[in-house]
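To keep things clear, I will list the structure first and then write my remarks on it.
Quick note: numbers below take in every heavy atom, side chains included, and nothing from hydrogens, waters or symmetry partners. Note on naming: letters A, B, ... go to the chains in the order of the sequence lines (proteins, then strands), and numbering restarts at 1 for each one.
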There are 2 protein chains.
Amino acid sequence: MANSPSQNRSRSKGRVTLSDVASMAGVSSMTVSRALNDPERVSEQVRDRVREAVEALGYIPNRAARSLAGQRSYSIAVVIPSVSNAVFSNVIKGIYDVCSARGYEMLMGNTYYSVQQESSLIAKFLTHHPDGIIVTGLNMADSARTLLQGAGIPVVQLMEVGESEPIDLNVGISHRDAGAAMARYMLDKGYRHIGVLGAQMDHRAQRRIQGFIDVLAAAGRYDERRIVATPEPSTVRLGGLLLGDLLAAAPDTDAVFCINDDLAYGVIYECQRRHIRIPQQLAVAGFNDLEASSCINPSLTSVSTPLYEMGKTAADMLMRRLNGEHIEQPVVDLGFKLQARDSA
Amino acid sequence: MANSPSQNRSRSKGRVTLSDVASMAGVSSMTVSRALNDPERVSEQVRDRVREAVEALGYIPNRAARSLAGQRSYSIAVVIPSVSNAVFSNVIKGIYDVCSARGYEMLMGNTYYSVQQESSLIAKFLTHHPDGIIVTGLNMADSARTLLQGAGIPVVQLMEVGESEPIDLNVGISHRDAGAAMARYMLDKGYRHIGVLGAQMDHRAQRRIQGFIDVLAAAGRYDERRIVATPEPSTVRLGGLLLGDLLAAAPDTDAVFCINDDLAYGVIYECQRRHIRIPQQLAVAGFNDLEASSCINPSLTSVSTPLYEMGKTAADMLMRRLNGEHIEQPVVDLGFKLQARDSA
DNA sequence: TCCCATAATGTTAGCGCTAAAATTTATATC
DNA sequence: GATATAAATTTTAGCGCTAACATTATGGGA
């Protein structure tokens with residue numbers, strides 16, 4: 001009972017602390033700290049005694065104390081539109097794999113595609129004083145941009161490149177180019193009455209459509225009636241509904257570019273129900289090339305985007321910056337690949 | 001220059017602190033703390049002066065210091081198999097919505113379906129001294145269980161109920177019952193040569209299969225050849241491959257229960273390629289009732305599970321516990337619904 | 001008038017850890 | 001063996017905040 005920690009009326013919850021470990025191991029608490037965080041700098045025998053004491057006492061380090069004393073949090077903040085979106089869950093995995101391997105924690109938050117939410121989320125996250133922050137996209141509220149610029153930590157803007165000057169680091173693809181590439185592909189294949197289906201029109205989706213439309217217009221094939229877009233969240237069901245709208249407005253449409261694969265699946269299912277043959281009567285293309293796109297019937301022509309790599313690259317750049325390395329190339333365009341399949 | 005903060009050689013990074021705000025507002029730092037965290041207890045004029053000073057200085061609170069001084073972290077840890085799984089992303093959204101509304105941060109980590117990873121993740125998270133923790137499932141390594149029991153914080157075990165005694169709180173559904181319900185449904189519909197396709201056989205998937213098989217066996221309809229399972233991660237493509245294996249082993253199979261909807265989609269696509277008519281030649285059922293299941297052709301019979309509600313309920317229970325409320329019902333079974341559609 | 005309750009604010013001390021400087025101990029060099 | 005050098009460890013002093021207690025104003029009611 002004599003050596004039970006903190007029987008006094010202090011504020012402590014009676015947790016086992018570094019100094020408990022230290023007195024058990026017969027060294028100073030600083031030595032224990034080093035034995036745990038920088039073992040090289042401690043003699044082997046001390047290291048062993050510390051390890052024993054840690055195990056015997058069930059010591060769990062306190063990160064809040066560590067952050068406060070060390071003036072860094074060993075965490076990075078990740079601000080994305082929505083975790084429950086297959087696109088972002090792949091990106092997150094890339095970030096996660098790098099961060100967890102380096103001992104960094106991830107603070108994750110959803111903006112639900114709202115710039116206001118994004119700003120308040122960033123403000124909230126900065127109270128953790130993360131060592132770095134990854135945000136989605138290049139366009140954000142001025143308030144958010146100001147916060148990030150003043151935070152004094154590395155910032156990675158993820159998903160898109162080329163639309164505007166990044167705050168700091170930037171990894172992604174050119175959504176405008178990707179949209180343009182798809183338009184050229186469809187024109188090359190001989191389609192002339194080409195429609196576009198869009199939902200949850202975030203900045204990237206808008207850029208894809210813009211790139212697509214610009215090419216159509218340059219070829220004299222732009223027809224406003226064939227652009228069907230809604231701010232609603234994108235779902236498979238919605239793809240079918242939007243196809244209905246498109247065909248009602250422009251029945252002679254012979255090809256349709258869906259702003260993402262989910263919509264395209266919905267379009268394919270709707271065509272099956274309407275007995276519209278793909279691609280003979282209607283060509284269909286998607287975007288992101290999700291796993292199912294190569295399995296569906298007909299297999300879906302889509303734009304393959306390096307989602308996992310984007311996350312991984314963003315986190316890698318952040319880690320290198322945190323290690324004090326110079327980043328020779330602050331903007332990285334990872335490129336895309338048009339995956340031609342049976343649907344178009 | 002006299003009032004610029006921390007020009008000395010201290011360890012501070014020159015951040016704006018509470019006492020900077022305090023001296024600008026002409027009050028003590030404790031009063032600023034109260035003005036920010038418990039505004040009711042501070043006079044209106046002081047509140048205003050503090051707010052002005054905060055804005056003028058761009059003060060950002062330091063959560064590490066707050067956690068350390070307050071002996072709580074205002075964060076909850078969430079341990080799930082994989083964020084990049086549609087099932088869990090729905091659950092996460094439920095947790096996230098509750099937590100962020102209450103000012104709690106979420107620490108999220110992936111176990112990638114490994115109990116070892118789960119244990120080390122839990123150990124890592126406990127260093128943050130989260131105010132509560134949500135983990136997936138009832139079965140975990142003994143070491144993890146011991147850690148959680150000793151952590152002295154509320155624990156919610158999520159996704160499944162009824163298999164064993166929970167550590168603390170428990171929200172989910174009975175996967176065994178759900179599997180059994182599906183088996184009974186198929187038997188009622190007259191199918192007699194029923195197969196099962198499984199992948200990424202976590203504890204829940206195993207329970208679903210077990211419940212399914214038990215009912216088949218009781219009806220004298222269990223045939224080992226028709227159980228095709230793999231530990232590989234579940235994908236749409238894999239569904240098609242497993243169907244091939246099943247039909248090779250037992251060509252007279254007339255119905256198949258897929259352990260999740262992704263596999264079922266793959267089965268449907270493969271049947272389309274093989275010109276197997278669903279449900280006439282082969283009935284197909286899935287599990288989880290993802291959004292696309294009602295849109296695919298034929299629409300997929302599945303078991304609808306309250307994913308978002310599970311997350312929300314788990315977080316709610318945690319919050320109530322953290323507010324000191326008594327939880328009269330520590331185990332909550334949210335139930336499931338067999339969604340009969342055209343595929344079976 | 002005094003007394004006591006209540007509200008508003010201030011003071012003190014310390015949460016558990018680590019940076020930096022100070023000290024001790026081991027090792028190499030002549 | 002003395003000296004210089006490096007390695008291992010300890011000491012000191014906070015990091016920025018809040019719990020707990022102390023103090024000071026404010027307002028009735030006797």
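Residues satisfying the side chain to side chain contact (heavy atoms under 4.5 Å, CB included) test with B/Val115, not counting sequence neighbours, are B/Glu118. For A/Arg66, the salt bridge (Lys or Arg N to Asp or Glu O under 4.0 Å) test picks out no residue, with sequence neighbours left out. Scanning for salt bridge (Lys or Arg N to Asp or Glu O under 4.0 Å) contacts around A/Glu309 gives an empty result, with sequence neighbours left out. Under the side-chain hydrogen bond (donor to acceptor under 3.5 Å, both in side chains) criterion, A/Asn139 pairs with no residue, sequence neighbours left out. Not a single salt bridge (Lys or Arg N to Asp or Glu O under 4.0 Å) links A/Asp142 to another residue, sequence neighbours left out. Under the salt bridge (Lys or Arg N to Asp or Glu O under 4.0 Å) criterion, A/Arg320 pairs with A/Glu325, A/Glu328, not counting sequence neighbours. In this structure, A/Ser43 has no side-chain hydrogen bond (donor to acceptor under 3.5 Å, both in side chains) partners at least two apart in sequence or on a different chain. In this view, B/Glu105 and A/Lys124, A/His128, B/Arg63 satisfy the side-chain hydrogen bond (donor to acceptor under 3.5 Å, both in side chains) rule, not counting sequence neighbours. B/Ser28 pairs by the side-chain hydrogen bond (donor to acceptor under 3.5 Å, both in side chains) definition with B/Thr31, not counting sequence neighbours.
Listed by residue number, the members of residues 36-53 of chain A with any heavy atom below 4.0 angstrom from DNA chain C are A/Asn37.
As a whole-Å value, the separation of A/Ile60 CD1 from C/dC17 P is 11 Å. Look at CG on B/Asp20: it is 9 Å from P on D/dG16, rounded to the nearest Å. Counting to the nearest Å, the C1' atom of C/dG16 and the CD atom of A/Gln71 are 14 Å from each other. In this structure, the NE2 atom of A/His128 is 14 Å from the P atom of D/dC17, given to the nearest Å. Rounded to an integer number of Å, the gap from B/Leu68 CG to C/dG16 P is 7 Å. Atom C1' of nucleotide C/dT11 and atom CG of B/Leu18 are separated by 15 Å, given to the nearest angstrom. In this structure, CZ of B/Arg72 is placed 12 Å from C1' of D/dT18, rounded to the nearest angstrom.
Over its full length, the helix from C/dT1-D/dA30 to C/dC30-D/dG1 turns its helical axis through 40°, comparing axes from the five pairs at each end and rounding to 10°.
Note that the CD atom of A/Gln149 and the CD1 atom of A/Ile167 stand 5.5 Å from one another [nearest 0.5 Å].
Contact check for B/Tyr104 versus B/Met319: side-chain heavy atoms found under the 4.5 Å cut-off.
Proximity of A/Tyr74 to the phosphate of C/dC17: no side-chain N or O atom is located under 4.0 Å from OP1 or OP2.
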Could you list, one pair per line, each protein nitrogen or oxygen that sits under 3.5 Å from a nitrogen or oxygen of nucleotides 10-12 of chain D, together with the distance?
residue	atom	partner	partner atom	Å
D/dT10	OP2	A/Ser28	N	2.8
D/dT10	OP2	A/Ser28	OG	2.9
D/dT10	OP2	A/Thr31	OG1	2.5
D/dT10	O4	A/Arg34	NH2	2.9

